[in-house]
2 protein chains.
Amino acid sequence: MPHADSSQDPREAGHVHQETTGDLLMSAARSLRRAVWHSAGEWDVAPAQAKALGVVCREAPVRISRLAERLHIAPRSATEVVDHLQERGLVLREPDPVDRRATCVVPTEEGRRLQALLAESRRQATEGYLAVLDDEERAVLDRLVRRLVLAERPERA
Amino acid sequence: MPHADSSQDPREAGHVHQETTGDLLMSAARSLRRAVWHSAGEWDVAPAQAKALGVVCREAPVRISRLAERLHIAPRSATEVVDHLQERGLVLREPDPVDRRATCVVPTEEGRRLQALLAESRRQATEGYLAVLDDEERAVLDRLVRRLVLAERPERA
DNA sequence: ATCAGTTAGTGAGGTTACCTCACGATGAGG
DNA sequence: CCTCATCGTGAGGTAACCTCACTAACTGAT
């Protein structure tokens, strides 16, 4: 009845072997996300904000509605993401010159610098996480997960 | 400047090709999570509740503190998860016979039935998502992601 | 038996990150 | 001009987590 010593609990002993490929895929991704999140710890940037900053730097000037699409969130929520980034001096709002209803978001110099640091830390964390696989295995994994992702967005091939 | 027609935006054309293995892994997992979530839509169960119900059914009777460990959340939060499951008649709280401070959570018949349905729907959604890969590719993917996961929990091998 | 330290669950209060609805300003097309 | 649609955001809300504090109960030493 008590679960004081989980390392002796027979119900867990073979747990990894019972996990399906799907479970493992999600588990691996979760671990990678944690590694990436942890690697960016010194800059205190939430994942959603980091992602938004990345979109802004890549697609500037970008409308808030467009940012919402890219982040898969409601436009109202994208407003708040931009609020936070702007508060930190990482982005600016500018009027859209061709449509006065719209607002364009652009990165500041500081925003671009932070984005570059975050991208590098993300790259290193990923590299470290995948280091358990050799070059060929990584190439195979890349091919397989790319297949999965492309199957969902064939128009992007 | 305007992004009205994103399918014509050259900045996105080669996007998938620029994505790293890590990005793709996380993207694939996200899509799988969405597929699983969507497949369970008719039962209106949040992912966290589904996961908790699974733990309760597998390890019953299970203490709330143990459940919190398994869910990687604070015990206080596990209390609320159990509250919600109990409100839906899916689990019951019982006194722990060996420690009067503790509470054990057990599934109801309805809870077990729903868990079985959720597990099957999860299995089917995963199967569907991975169908784009042939048997051998799936086996390779399984092996690779299992390597990644085991590298993190070697004591569970 | 007593006591100090620890454990278990939960009330109280809080935060984050999302959401819907509604609204004013603006644009497109008839 | 008018109707309908678009854009961003104010107002208000929820889910899912958290910390802190507390009471009840347990453990082990004396």
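Within every chain, numbering begins at 1; the chains are lettered A, B, ... in the order of the sequence lines, protein sequences first and strands thereafter.
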Pull out every residue in residues 34-56 of chain A that has a heavy atom closer than 4.0 Å to any atom of DNA chain C, ordered by number, or say none. A/A46, A/A48
Round to a whole Å and report the spacing from CD of B/E80 to P of C/dG13. 14 Å
Which of D/dC17, C/dA25, D/dG12 is nearest the side chain of B/I73? It is D/dC17
With sugar-phosphate meaning primed atoms plus P, OP1 and OP2, does B/S77 contact a base, only sugar-phosphate, or nothing at under 4.0 Å between heavy atoms? base
I need the NE2-P distance between A/H72 and C/dC19, as an integer number of Å. 12 Å
Would you indicate, yes or no, if D/dT9 has its OP1 or OP2 atom less than 4.0 angstrom from a side-chain nitrogen or oxygen of A/R93? yes
Rounded to the nearest 0.5 Å, what separates atom CG in B/L114 from atom CG in B/L90? 5.5 Å
Roughly, in whole Å, what's the span from CG in A/D96 to C1' in D/dC7? 10 Å
In whole angstrom, give the distance that lies between atom CZ of B/R101 and atom P of C/dT10. 14 Å
Starting from C1' on D/dC18, measure out to CG on B/L71 and report it in whole angstrom. 15 Å
At 4.0 Å (heavy atoms only), tell me whether B/S65 reaches a base, stays on the sugar-phosphate, or touches nothing. sugar-phosphate
From D/dG8, D/dA25, D/dA11, nucleotide with atom closest to B/D99 side chain: D/dA25
Could you tell me whether A/E120 and A/R123 make a salt bridge, using a distance below 4.0 angstrom between a side-chain N and a carboxylate O? yes
Length of the CG-C1' vector between A/D83 and C/dC18, whole Å: 14 Å
Is there a donor-acceptor pair closer than 3.5 Å between any side-chain N or O of B/R143 and the backbone N or O of B/R138? no
Ignoring hydrogens and angles, does a donor from either the side chain of A/R76 or the base of D/dT9 sit under 3.5 Å from an acceptor on the other? no
Say whether, by atom type as modelled, one donor and one acceptor occur between the side chain of B/S77 and the main chain of B/I73 under 3.5 angstrom. no
Report yes if a side-chain nitrogen or oxygen of A/R100 is closer than 4.0 Å to either non-bridging phosphate oxygen (OP1 or OP2) of C/dT26; otherwise report no. yes
Are A/E137 and B/R147 close enough, and set up right, to give a salt bridge (charged side-chain N to carboxylate O under 4.0 Å, His left out), and what steps lead you there? CA-CA 10 Å; A/E137 287 173 324; B/R147 284 279 302 284; 2.8 Å; yes
Distance check needed: C/dG9 P versus B/L92 CG, whole Å only. 16 Å
D/dC7 OP1/OP2 closer than 4.0 Å to side-chain N/O of A/R63: yes
Does OP1 or OP2 of C/dT10 have a side-chain N or O of B/T79 closer than 4.0 Å? yes
